[in-house]
Novice: 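What follows is a single structure, and I will ask about it in a moment.
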Amino acid sequence: MLTIRLQNPRNLLLNPEDVSLSLFDGYGRVILDQCTGQYETVADVATGLYTVRVEGAGRMIERSMRVEGDTVIDVEIPKQFSPIPVRGASSTHEYYEYPAANLTQQFDGNTTGPIGETSAAAAELVVIIRAANDRVAPDGDLGDGLLLTELDGSPLRPINLDHCHREDNGFQGFRARLAPGTYFLYYPGTPPRALTVQTFDGRQTQVFVTFWGRPILEEAGILLPEIGEGFYSEDEENRAADFAIRGLLNNRDWLPKEVMRNLLDGKFRNPMLGLLGAFVLLQRELPNWNLLATVAGNLENLIPGSNDVQVLVRILAEEWGLANSSAPAELRPEAPPMLRAAAEHAIRISWGDADYISADGILGRMAPSLYADSAWNSWQPPADWARKGLNYKALFSPGAAASWEAETSTPGDWINETVAAQARVLQARNERVDAVAIARQVGLPLSTVAALVEQNFLGR
Amino acid sequence: MPINRHDYALVIGIDDYPQFRSLRGAKNDAERFADWLTDTAIGGGLPPANCRLVLSAKAPVRPTFEEVNDALKDLYDASRADHKRRRFYFYFAGHGQTGTASEVNLCLAEWSMGAGLRIALAYSEWESTIVDCTGFEEVFFLLDCCRTRVHGGGGMPPLKVTCAKPQTQTGETFVAYATEFQNQSFEAERGVQPGSGDPIYGGHFTEALIMALTGGAATDGGGVRAPDLKRYMEQWTPRLAQEATNPEQRAIIKNGLSSIPEDPVLGAAEPTGTLQVEIPGTRPGPIHLLAPDGSLVEKGGPGVWQVPGLRYGQYTLLDTANGEEKVCHFQPRDPMRRSRFD
């Protein structure tokens with residue numbers, strides 16, 4: 001008899017119901033397949049060699065053992081990787097938990113002066129960049145040219161050593177007061193990337209980034225606590241939000257079941273968890289529209305003016321019915337949302353409402369250059385942003401080497417090429433060159449595609 | 001094994017991506033699979049003319065989209081005259097990208113992140129054309145490529161084979177992706193070239209495929225049944241990735257051949273082979289070789305053992321003098337791998 005016991009390491013959020021267990025015999029035959037939900041699994045097996053495989057949070061652990069008589073084997077539930085130093089993640093270390101808590105909780109913990117008008121600075125932005133562990137902590141500036149910018153690319157503040165708290169173990173933290181609004185964290189290195197961050201009245205937008213040769217913005221973790229609340233590594237909702245981020249990145253529903261149950265009960269106070277939960281729910285084949293409406297209503301109270309929530313409300317209006325929604329159907333985001341899923345939903349909405357995203361607006365300009373490797377809405381900005389950043393750096397650090405100037409290049413004319421290629425396929429099949437069909441195929445706003453189709457293919 | 005005159009294959013391997021990151025093992029993998037397909041001893045038994053192997057080159061950059069379309073069209077035309085056409089294999093090794101979970105685009109050599117973003121085969125369209133228009137009973141799609149998302153990425157449908165009149169009875173499919181949606185497929189060093197000593201690279205997915213087809217997943221009587229191929233590859237692809245310290249890579253395999261009464265058999269590999277074990281003089285023994293079920297297979301002292309007739313599985317070498325043991329995975333046809341009990 002073989003007993004397999006799943007061990008839940010200290011404070012790990014995943015439960016057996018979130019992991020799958022398989023058992024193979026020594027000939028590779030499947031004895032148990034993808035069992036879930038039990039801490040202890042008992043299998044009546046003959047003497048011999050066996051391999052147990054446990055999968056969860058995108059990780060796999062295999063353990064081989066010999067079974068002779070009654071045998072018990074303990075296997076740890078896999079831990080997730082995370083840039084957020086939440087308890088239970090394999091990449092969390094106490095020496096990063098404490099400085100993160102200190103930086104975010106201290107009342108006067110700002111590492112730089114207010115950004116913009118002091119009177120309007122009712123929000124906070126924290127950017128924490130840290131190494132994977134202290135043994136691989138590099139010397140020097142972990143920001144590596146990272147800048148906070150306006151939506152047009154105008155630099156606001158460099159996330160460098162002059163404006164950060166730095167510790168020897170590979171921790172660098174930035175904290176500043178600023179006006180509620182939407183900004184970019186812009187990395188001009190290779191590959192260049194601008195990550196959308198929104199700040200809210202009375203809240204601290206916390207961005208956690210791992211440094212591995214560069215700040216890995218695409219795998220960032222973002223949280224939205226109230227100012228003064230700070231970061232707690234043991235906060236269940238933070239840890240759940242972190243799982244949801246990894247899940248959204250992989251189009252997977254990795255929100256632990258218990259957390260989803262709380263979300264279903266409307267019991268959440270962490271707006272990021274609500275936001276992520278809503279977009280995880282939207283991935284499901286049959287979304288629970290009643291629940292989504294409740295979550296959206298809760299979010300409107302927690303983070304009024306959120307670009308992501310505006311997209312969510314518009315989806316509700318379209319899918320669930322205007323009568324049940326509190327928002328007018330013509331509502332459109334004034335600025336880009338933080339979540340890539342929200343940006344993609346916005347693009348989808350534009351296929352039925354070309355005015356929803358203007359080709360000349362910020363989201364319209366971002367759409368052809370969006371990165372798709374992140375849970376967050378990030379894009380490759382135009383090459384001249386790097387020059388703006390360089391000038392800014394030179395201004396702050398006269399004589400600084402310009403070596404970090406990025407070899408930026410925009411996707412160029414791929415839209416023309418792509419629209420033309422798609423049109424050729426339609427023409428080869430004797431089908432009408434339809435802007436909506438092409439926009440759907442290539443994942444661009446209708447306004448962007450319609451202009452090109454009109455210029456090049458109308459009447460052919 | 002008889003020659004399977006009614007089976008056809010399109011095998012594509014692309015290492016050369018002049019405007020992107022080139023690969024090192026895709027061409028080699030495609031050649032290995034094509035070798036298995038045309039092997040009449042234990043392989044697929046295809047006549048060489050029925051197997052089109054399309055490999056990449058740097059200058060001029062190939063294959064072009066046109067060239068791959070021509071290859072499919074040639075096979076389509078040849079198979080139209082064959083009223084007993086049975087099975088079609090579509091194999092691709094190279095870069096892949098996707099926009100949605102249900103799609104993967106197979107990047108051709110001219111693919112790039114800029115203007116060449118859609119110089120790729122839109123797999124779902126190629127699949128539906130091959131399945132709906134060619135009239136094969138069984139179609140195997142084996143795709144050793146990434147499924148990472150690239151915004152604006154896409155691919156092109158086949159242009160030279162179209163369904164003028166869709167088949168009334170379409171074929172059933174076996175679809176194997178090297179990895180999950182949003183994830184990467186990896187390659188690793190697999191050995192060295194005899195003579196030159198240059199490293200040989202290969203993808204974990206194709207390695208698992210070849211291991212399965214050459215005996216790892218073989219059934220009594222010879223050959224590999226589709227459910228066994230699926231099971232074996234699902235076990236071994238992540239294991240090989242883990243051994244190479246790559247991130248998790250889980251093969252996703254959909255065996256849709258359910259309504260075919262007999263499980264289709266691929267090739268004729270025997271399920272048994274000869275295990276080679278070297279026992280050094282430092283272990284006077286006696287040494288026991290134990291089967292996966294714990295039964296004694298062989299016992300003896302130092303020297304090179306040749307133990308024939310073993311099936312794939314985990315075998316244990318036990319030093320009865322001190323209780324030390326070593327567990328090794330035995331593959332029936334892996335002459336390169338000789339275990340040594342240090």
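Here is the naming used below: chain letters follow the sequence lines, and residue numbers restart at 1 for every chain.
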Novice: Please classify the contact of Ser22(A) with chain B as side chain, backbone, both or neither, using a heavy-atom distance under 4.5 Å.
Specialist: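 For Ser22(A), neither part sits under 4.5 Å from chain B.
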
Novice: Tell me if the CZ atom of Arg348(A) is crowded by more than 12 foreign heavy atoms within 6.0 Å.
Specialist: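 Yes.
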
Novice: For chain A, find which of Pro292(B), Gly313(B), Ala291(B) contributes the most heavy-atom pairs closer than 4.5 angstrom.
Specialist: Pro292(B)

Novice: Between Glu55(A) and Arg250(B), which heavy-atom pair has the shortest distance, and what is it?
Specialist: OE2-CD, 2.7 Å

Novice: From Ile61(A) CD1 over to Gln242(B) CD, what is the distance, rounded to the nearest 0.5 angstrom?
Specialist: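 These two atoms lie 8.5 Å from each other.
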
Novice: Please give me the minimum heavy-atom distance between Gln235(B) and Arg53(A), naming the atom from each residue.
Specialist: O-NH2, 2.6 Å

Novice: Measuring only between side-chain heavy atoms, which start at C-beta, is Val30(A) closer than 4.5 Å to Glu234(B)?
Specialist: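 Side chain of Val30(A) against side chain of Glu234(B), heavy atoms only: no contact under 4.5 Å found.
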
Novice: For a quick test of reading the model, state the closest non-hydrogen atom pair linking Gln314(B) to Leu49(A) and the distance between them.
Specialist: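 Shortest heavy-atom contact: O-CD1, 3.3 Å.
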
Novice: Got a second to check how far Arg231(B)'s CZ is from Arg29(A)'s CZ, nearest 0.5 Å?
Specialist: 8.5 Å

Novice: Which one, Thr316(B), Thr148(B), Asp228(B), Ile119(B), leads in non-hydrogen pairs under 4.5 Å with chain A?
Specialist: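 The option with the most such pairs is Thr316(B).
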
Novice: Is there a side-chain contact between Pro238(B) and Glu62(A), using heavy atoms and a 4.5 Å cut-off?
Specialist: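 In short, these two side chains do not touch, never coming nearer than 4.5 Å.
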
Novice: Under the 3.5 angstrom rule, does the side chain of Arg66(A) hit a backbone N or O of Gly294(B) as a donor-acceptor pair?
Specialist: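 A pair under 3.5 Å: no.
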
Novice: Looking at Arg311(B) and Tyr27(A), what are the two nearest heavy atoms and their distance?
Specialist: CB-CE2, 4.3 Å

